[in-house]
Amino acid sequence: MKSASPKRPTTLLNLGGNILETNQILETIRMIEEENLDIRTITMGISLLDCIDSDSDRACEKIYDKITRLAKNLVKVGEEIESEYGIPIINKRISVTPIGIIAAASPDKDYVKYAKALDRAAQAVGVNFIGGFSALVEKGYQHGDEILINSIPQALAETEFVCSSVNIGSTKAGINMDAVRHMGYVIKETAEKSDMGCAKLVVFANAVEDNPFMAGAFHGVGEADCVINVGVSGPGVVKRALEKVKGEPFDVVAEVVKQTAFKITRMGQLVGKIASERLDVPFGIVDLSLAPTPAVGDSVAYILEEMGLESVGTHGTTAALALLNDAVKKGGVMACNHVGGLSGAFIPVSEDAGMIDAVNNGALNLEKLEAMTAICSVGLDMVAIPGETSAETIAAMIADEAAIGVINHKTTAVRLIPAKGTKVGDMVEFGGLLGRAPVMKVNNYASTDFILRGGRIPAPIHSFKN
């Protein structure tokens with residue numbers, strides 16, 4: 001009697017070299033329906049270098065024309081992929097060459113009109129955000145940089161879709177403390193001019209050129225003329241996977257996270273390739289970050305608590321986050337040849353229900369959050385602070401985060417919200433994916449004399465690798 005042949009799973013789809021089998025499809029459907037799995041963003045990066053013109057009106061016209069020409073089908077294609085494959089794509093976005101570079105050829109004394117041109121283009125093509133009202137000043141100011149930075153508060157107050165970023169440090173250059181001080185005042189002014197402006201403004205150290213996530217996305221000068229980058233998510237999926245290995249050693253935990261990250265990233269690569277083919281634009285990278293949302297269960301904090309912490313912020317939190325970040329990256333790079341962006345775990349306070357709970361119950365403060373940023377993908381992200389916080393204190397917080405990034409050769413960032421008329425413990429509502437944030441206590445002791453020194457903190461010794 002012949003023995004029965006082993007049962008093989010039925011192959012249903014073969015898309016762009018990605019073979020999806022029956023069990024994989026059913027598992028993906030379950031992750032989407034029950035665990036908040038989604039593609040957080042498809043971001044089209046567009047170079048504006050060929051739009052440079054000494055006539056700012058002409059430059060803005062070129063910018064509008066190029067963006068609307070290249071991105072006219074971006075939202076449509078994203079929606080088609082959602083409909084055909086049942087994969088939620090939460091945001092469709094655009095990133096552009098830093099406007100501080102593009103506008104420098106003009107004699108204009110402010111660049112608000114460039115922001116408005118970006119805003120009109122974003123509205124015309126229907127994207128959620130457009131990033132790149134940016135300046136790169138880690139080693140000093142060029143002609144357009146100071147003008148752009150001074151334009152940020154008004155530009156963000158007068159636009160809806162525009163996001164802004166400034167890179168003030170890098171491992172290779174050190175930290176531009178003049179720019180750090182400048183950004184302290186700019187953040188304060190931005191908060192005065194608009195309630196949402198600071199939620200669309202990021203200050204970086206070691207900013208990357210292919211980041212698809214807002215508010216810090218810009219299209220680097222080393223990138224192709226136009227590319228498609230994808231940002232994946234899925235904290236809920238990772239938490240659910242860890243629920244099945246309660247009490248197991250950390251070796252097992254790391255392996256489960258790694259395998260889960262592989263599946264999430266594989267889906268991101270699939271979506272990116274399909275979008276690339278349909279838009280006839282090269283595929284860039286998958287950013288395999290775990291980006292939370294305010295939705296119940298879609299929280300990075302809950303993943304850390306599933307490892308055995310009573311609350312995020314208690315002792316052991318940084319170690320748990322280190323394991324998570326490393327395992328996510330290991331699983332992601334096995335799934336996709338072109339991984340980039342920030343890639344890791346995001347810990348924004350306002351966008352993560354578990355982080356909000358930890359702040360409210362007193363388990364998480366700014367000092368512990370800063371320690372966690374030495375491990376995570378970004379830094380002090382979407383943190384609300386009292387509106388009376390001084391510009392110098394804000395600048396000092398930026399300097400601390402930049403130091404963590406520069407010394408550890410990683411990206412760090414600050415997105416602080418000085419909330420007008422609030423006190424510690426109040427809740428600030430942003431709505432949508434931005435969620436809500438409890439106002440956190442800031443150290444009462446001054447950093448003014450430190451910040452007023454200016455100059456540049458030199459690059460660390462390990463930056464000299466040539």
Give a yes or no answer on whether the side chain of [X] reaches the backbone of [Y] with a donor-acceptor pair at less than 3.5 Å.
X: S350; Y: A437; result: no
X: E138; Y: I168; result: no
X: T411; Y: N206; result: yes
X: N167; Y: G169; result: yes

Any carboxylate oxygen within less than 4.0 angstrom of a Lys/Arg side-chain nitrogen, looking at [X] and [Y]?
X: E82; Y: K92; value: yes
X: R58; Y: E61; value: yes
X: K423; Y: D426; value: yes
X: E158; Y: K116; value: yes
X: D195; Y: K420; value: yes
X: D178; Y: R456; value: no

Taking atom types as modelled, is there a side-chain donor on D357 or Y302 under 3.5 Å from an acceptor on the other? yes

Just checking, is any N or O donor in the side chain of D352 or S299 under 3.5 Å from an acceptor N or O on the other one? yes

Go through M44 and V227 one step at a time and tell me if the side-chain contact (heavy atoms from CB on, under 4.5 Å) criterion holds. CA-CA 6 Å; M44 177 178 281; V227 297; over 6 Å; no

For the atom pair CZ (F218) and SG (C163), what is the distance rounded to the nearest 0.5 Å? 13.5 Å

Might you point out which heavy atoms bring [X] and [Y] nearest each other, and give the distance in Å?
X: I52; Y: A105; value: CG2-CB, 3.5 Å
X: C376; Y: L321; value: CB-CD2, 4.0 Å
X: V424; Y: P386; value: CG2-CG, 4.0 Å

Measure up the Y141 and H182 rings against each other and bin them: parallel (under 30°), tilted (30 to 60°), perpendicular (over 60°). tilted

Aromatic ring centroids of F346 and F213 under 6.0 Å?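 Yes, the ring of F346 comes within the 6.0 Å limit of the ring of F213, centre to centre.
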
Name the residue from T373, T318, T317 that meets the side-chain hydrogen bond (donor to acceptor under 3.5 Å, both in side chains) definition with K368. T318

Partner of M397 under side-chain contact (heavy atoms from CB on, under 4.5 Å), chosen from V203, V383, V180, L366: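 The passing option is L366.
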
Result for side-chain contact (heavy atoms from CB on, under 4.5 Å) between I46 and one of K66, R69, E223 points to K66

Would you check, one step at a time, whether the test side chain to side chain donor-acceptor pair (under 3.5 Å) holds for S165 with S134? CA-CA 5 Å; S165 60; S134 307; 2.8 Å; yes

Salt bridge (charged side-chain N to carboxylate O under 4.0 Å, His left out), that's the test. Do D65 and K62 meet it? Break it down for me. CA-CA 5 Å; D65 289 346; K62 291 179 182 179; over 6 Å; no

Run the salt bridge (charged side-chain N to carboxylate O under 4.0 Å, His left out) test on E84 and R278 for me, step by step, so that the C-alpha distance in whole Å, both residues' side-chain angles and the decisive distance to 0.1 Å come before the verdict. CA-CA 13 Å; E84 290 176 32; R278 295 188 182 183; 2.8 Å; yes

Please assess R453 against D449 for the test salt bridge (charged side-chain N to carboxylate O under 4.0 Å, His left out), listing each intermediate value before the final yes or no. CA-CA 7 Å; R453 285 179 178 272; D449 291 345; over 6 Å; no

